[in-house]
Amino acid sequence: MKVYKFGGASINSIERLKSSAHIIKNSPGKILVVVSAMGKTTNALEKVAEAFFNNEQKKALELFEEIKTEHIELAKNILKQSFQTTLAELRDIFTEVEWLLHDTPVKSFDYYYDQIVACGELLSTIIFNKYLLEIGVNSKWTDIRDVIKTDNTFRSGNVMMEVVHQKIESVIIPIFEECNVLVTQGFIGSTDENESTTLGREGSDYSAAILGAGLKAESVTIWKDVDAVMNADPRIFTDAEIIPFLSYAEIIEMAYYGAQVIHPKTIKPLKNNNIPLFVKSFLDTSLPGTVINNDSQKKLPPIIIIKNNQALVSFKSSDYSFIEGSPYKKLIEILDSLNIKSNLSQHTAISYLISIDYSEEKLIKLSEKISALFEMNVEKDLQLITIRHYTPDTIEKLTLNKKIILEQKTPQTVQFLVKTTIDNYRQ
Ligand code: ASP
Ligand code: MG
């Protein structure tokens with residue numbers, strides 16, 4: 001058994017959807033296929049959820065209409081025999097969302113977000129599965145919300161692994177007795193009460209890893225629009241190079257520091273079950289891609305990760321008490337409650353500094369919650385440069401003419417928080 005994951009970019013046009021489907025058709029053995037929402041559907045659905053929550057019902061319905069049309073058009077264009085039955089299935093999903101959009105919001109935004117946004121994956125997988133059937137793949141569709149059970153932390157559901165493993169046995173395994181390919185959704189799950197939840201943006205990789213681990217899959221492959229994992233973003237660094245082999249330990253650090261290769265939560269379930277992860281190009285399947293497993297790699301090039309739109313937030317204890325101990329504990333609790341994650345942190349005797357992804361809304365809430373304890377200061381428009389396996393050369397190249405605000409160094413990793421200048425690294 002293998003697990004394949006196809007992201008939004010691999011099904012965002014007729015050609016891409018067809019070629020992704022042919023990758024499956026040409027792969028022998030049993031395959032669980034985890035698929036994201038098409039292209040930018042999740043972003044579009046987020047707009048629907050926002051309009052609905054702001055009581056702009058008409059706008060929400062109009063925005064949703066565009067998403068409907070896009071999916072119907074795609075289905076019409078690629079399906080020959082099964083368009084009508086597919087349309088009926090798509091309409092069931094549309095109706096569910098529209099019912100909700102006719103309500104007035106009385107629960108939290110995050111709750112509605114998940115009920116609305118989850119439909120992106122349901123729609124894409126219905127169409128994808130029907131196309132696979134039309135090209136002769138013995139495929140079945142299943143609703144993963146019956147398997148990926150989470151708590152009710154909407155927008156960031158915590159997966160209940162034990163329940164999921166039981167559900168894999170009782171729901172997924174029996175389906176595979178009747179088919180070779182099972183198409184299902186990434187990113188979504190459901191609570192005990194069968195309310196939809198999502199696992200956080202880009203969470204489909206994580207879904208694939210959870211399912212791979214539960215199935216004791218021989219491998220998990222993430223099909224992407226890049227040749228392999230690279231040591232830097234090739235859109236910014238023209239000399240970026242492919243990394244053919246990586247250890248779980250290295251990739252988890254890369255993902256943590258913000259490399260947008262895979263979702264950071266993906267690695268743990270795979271590592272714990274010793275399942276290799278392949279990152280491969282759906283545009284050119286002959287390329288070897290990257291293999292990620294337990295083997296440690298001796299010679300890695302410097303790995304560069306750039307995070308834009310950072311804010312440096314500094315907290316100073318108002319009464320000059322030391323930051324360690326109880327003020328620090330309280331601060332961490334407050335940051336946690338607002339889902340604010342630090343990408344870099346440092347502390348001195350009476351102050352604590354963190355670099356976070358800038359969000360005005362979160363910073364306003366934070367300053368309200370924190371004002372009794374700390375003086376808070378924010379510096380925005382910063383960029384966080386992380387270099388793993390740094391060399392003097394890379395440091396020099398990346399910090400040349402930059403105003404360094406904060407710096408942190410360990411034997412493997414150096415991080416610089418710098419003032420953003422325009423068009424930083426284009427060569
Ligand atoms: N469709 C979701 C997103 O765009 C999940 C994913 O693509 O992995 O975030
Ligand atoms: Mg995606």
Side-chain angles (χ1 to χ4, degrees), residues 3-13 16-17 20 32-50 63-64 66-68 70-71 74 90 93 97 109-110 112-129 141 143-145 147-148 150 153-159 183-190 196-213 220-226 229 251-252 254-256 258-270 277-282 339 341 357 359:
V3 174
Y4 280 3
K5 182 256 168 172
F6 288 92
S10 62
I11 48 166
N12 69 358
S13 68
R16 284 189 170 192
L17 189 147
S20 297
L32 177 82
V33 183
V34 175
V35 185
S36 301
M38 257 172 61
K40 298 269 172 266
T41 306
T42 306
N43 293 358
L45 285 164
E46 283 184 339
K47 298 267 175 315
V48 174
E50 279 160 22
L63 289 170
F64 191 59
E66 287 171 25
I67 297 167
K68 285 167 60 178
E70 235 178 29
H71 285 84
L74 177 75
L90 297 178
I93 311 276
V97 175
F109 173 69
D110 291 355
Y112 290 113
Y113 177 104
D114 281 1
Q115 308 321 302
I116 295 166
V117 169
C119 84
E121 270 69 12
L122 295 166
L123 298 171
S124 66
T125 49
I126 289 174
I127 301 172
F128 195 60
N129 179 56
W141 178 93
D143 185 339
I144 208 65
R145 291 174 300 178
V147 177
I148 303 279
T150 71
T153 315
F154 295 103
R155 285 184 79 179
S156 186
N158 295 300
V159 177
V183 175
T184 197
Q185 308 78 36
F187 179 55
I188 67 173
S190 75
S196 298
T197 50
T198 61
L199 309 182
R201 289 300 309 264
E202 303 301 325
S204 296
D205 295 346
Y206 181 41
S207 305
I210 296 167
L211 294 165
V220 171
T221 306
I222 297 186
W223 294 92
K224 289 182 80 82
D225 57 357
V226 290
V229 178
I251 193 110
I252 202 166
M254 287 173 68
Y256 174 80
Q260 281 169 351
V261 265
I262 46 166
H263 191 282
K265 284 185 175 174
T266 312
I267 297 305
K268 188 177 162 197
L270 299 180
L277 173 65
F278 303 129
V279 175
K280 282 188 60 93
S281 164
F282 61 76
N339 210 359
K341 299 204 168 53
D357 297 343
S359 153

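In listed order, ligands and their atoms are each counted from 1.
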Name the atoms and distances for all side-chain donor-acceptor pairs under 3.5 Å in residues 122-129, with sequence neighbours left out.
from	atom 1	to	atom 2	distance (Å)
S124	OG	S36	O	2.8
S124	OG	G120	O	3.4
S124	OG	E121	O	3.2
T125	OG1	E121	O	2.7
T125	OG1	L122	O	3.0
T125	OG1	W141	NE1	2.9
T125	OG1	Q185	NE2	3.1
N129	OD1	S139	OG	2.4

Query - Side chain T153, main chain N158, donor-acceptor under 3.5 Å - result: no
Give the numbers and elements of all ligand 1 atoms closer than 4.0 Å to a heavy atom of [X].
X    : value
T42  : 1 (N), 2 (C), 3 (C), 4 (O)
R201 : 3 (C), 4 (O), 9 (O)
F187 : 2 (C), 5 (C)

Any N or O of D205 that comes nearer than 3.5 Å to an N or O of ligand 1? no
* Answer yes or no for G203: is there a heavy-atom contact with ligand 1 below 4.0 Å? => yes
- Query: Looking at ligand 1, does E121 have a heavy atom less than 4.0 Å from it?
  - Reply: yes
Please examine the side chains of H71 and T41, heavy atoms only from C-beta on, and report whether any two atoms are closer than 4.5 Å.
-> yes
Hey, does F187 have a side-chain heavy atom less than 4.5 Å from the side chain of I144? no
Of S204, G186, A208, G7, the residue with the heavy atom nearest atom 8 (O) of ligand 1 is S204
### Message
I'd like to know if the side chain of S196 pairs up with that of D114 as donor and acceptor (distance under 3.5 Å, no hydrogens or angles considered).
### Response
no
Worksheet item: How about K68: does its NZ atom have over 12 heavy atoms from other parts shown lying under 6.0 Å from it?
Response: yes
